[in-house]
Asker: 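I have a structure I would like to understand better, so I am pasting it below and will then ask my questions one at a time.
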Amino acid sequence: IDEQDPIFLKADAGDIGSITNIGMLKKGDKTYYLLLSEFYVFHQSVLVSNMISVYSVDDNIYDSLKREALFKTKNGNKLETIEVVWENIHGEKDSDKLFGISIDNPNNTREIYIQIIDQTTGHALDKAIVYRWDGNNYTYCGTKLM
């Protein structure tokens, strides 16, 4: 996808979003695509949501695209999507530190970083939860300063 020509998504009436990055990982005959998207919700205030989901394609099977639950949380639960939400992004004092969700390498994505939001203030921290590919899942591996 050309960064100059983003794909826009519509989530709900009044909401708009786009795919901001795509990661990829090959495992045998399967290719996993990690779609990072950003949604802006315009209701009572501006709400920004960063999300990541994993889709797989079996290279030998036509029309095999499907969403996968490959995020293994600290508690062992498996998720299809991880989301980071800011209630009011314009109120964020350190907006240059916002990244929401990022990946280590778009062509061979082994780590995913989920920015931690302070539950009391709602501000983004310079710390992220790390999910690392273990051969089968993106598994919770702790936190890291960014």
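A quick note: this is a predicted structure, and the numbers were derived from the prediction, not measured. Start at 1 with the first residue, then count along the sequence.
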Asker: Rounded to the nearest 0.5 Å, what's the gap from CD1 on I117 to NZ on K127? Could you check?
Answerer: 13.0 Å
Asker: Going by the rule ring-ring contact (aromatic ring centres under 6.0 Å, His included), which residues pair with Y138 if we only count those two or more places apart in sequence or in a different chain?
Answerer: W133
Asker: Kindly work out whether a path of hydrophobic side-chain contacts (I/L/V/M/F/W/Y, heavy atoms less than 4.5 Å apart) joins I61 to Y32.
Answerer: no
Asker: Under the rule for salt bridge (charged side-chain N to carboxylate O under 4.0 Å, His left out), what residues qualify as partners of E83, not counting sequence neighbours?
Answerer: none
Asker: Would a 4.5 Å heavy-atom cut-off, applied to side chains only, mark T31 and L25 as touching?
Answerer: no
Asker: Please tell me whether M24 and L65 are part of a single hydrophobic cluster in this structure, the criterion being side-chain heavy atoms less than 4.5 Å apart.
Answerer: yes
Asker: Using modelled atom types and a 3.5 Å cut-off, is there a donor and acceptor pairing between side-chain atoms of S64 and backbone atoms of D58?
Answerer: yes
Asker: Between I129 and I116, is the side chain to side chain contact (heavy atoms under 4.5 Å, CB included) condition met? List the steps.
Answerer: CA-CA 7 Å; I129 296 169; I116 298 173; 3.8 Å; yes
Asker: Could you walk me through whether Y131 and I82 pass side chain to side chain contact (heavy atoms under 4.5 Å, CB included), step by step?
Answerer: CA-CA 11 Å; Y131 283 86; I82 296 178; 3.7 Å; yes
Asker: Return the CD1 to CG distance between I112 and L70, rounded to the nearest 0.5 Å.
Answerer: 9.0 Å
Asker: Does one side chain, of Q115 or Y113, offer a donor that lies under 3.5 Å from an acceptor on the other?
Answerer: no
Asker: Show your reasoning for whether side chain to side chain donor-acceptor pair (under 3.5 Å) applies to N137 and K78.
Answerer: CA-CA 9 Å; N137 296 287; K78 291 182 86 176; 3.0 Å; yes
Asker: Has the side chain of N105 got a donor or acceptor atom that lies under 3.5 Å from a matching backbone atom of N107?
Answerer: yes
Asker: Would you sort out whether T81 and I52 count as a side chain to side chain contact (heavy atoms under 4.5 Å, CB included), showing the intermediate values?
Answerer: CA-CA 6 Å; T81 300; I52 186 167; over 6 Å; no
Asker: Under the side chain to side chain contact (heavy atoms under 4.5 Å, CB included) rule, what do R67 and S53 come out as? Steps first, then yes or no, please.
Answerer: CA-CA 7 Å; R67 192 143 124 183; S53 300; 4.2 Å; yes
Asker: Please answer whether the main-chain N or O of E111 pairs with a side-chain N or O of D104 as donor and acceptor at a distance below 3.5 Å.
Answerer: yes
Asker: Taking the side chain from T20 and the backbone from L36, do they hold a donor-acceptor pair closer than 3.5 Å?
Answerer: yes
Asker: Is the shortest heavy-atom distance from the side chain of I22 to the side chain of L34 under 4.5 Å?
Answerer: no
Asker: To the nearest 0.5 Å, tell me how far K74 NZ sits from C141 SG.
Answerer: 12.0 Å
Asker: Atom OG of S102 and atom CG of N21: how far apart are they, to the nearest 0.5 Å?
Answerer: 9.0 Å
Asker: Under the salt bridge (Lys or Arg N to Asp or Glu O under 4.0 Å) rule, what pairs show up with a residue in residues 19-36, not counting sequence neighbours?
Answerer: K26-D59, K30-E68
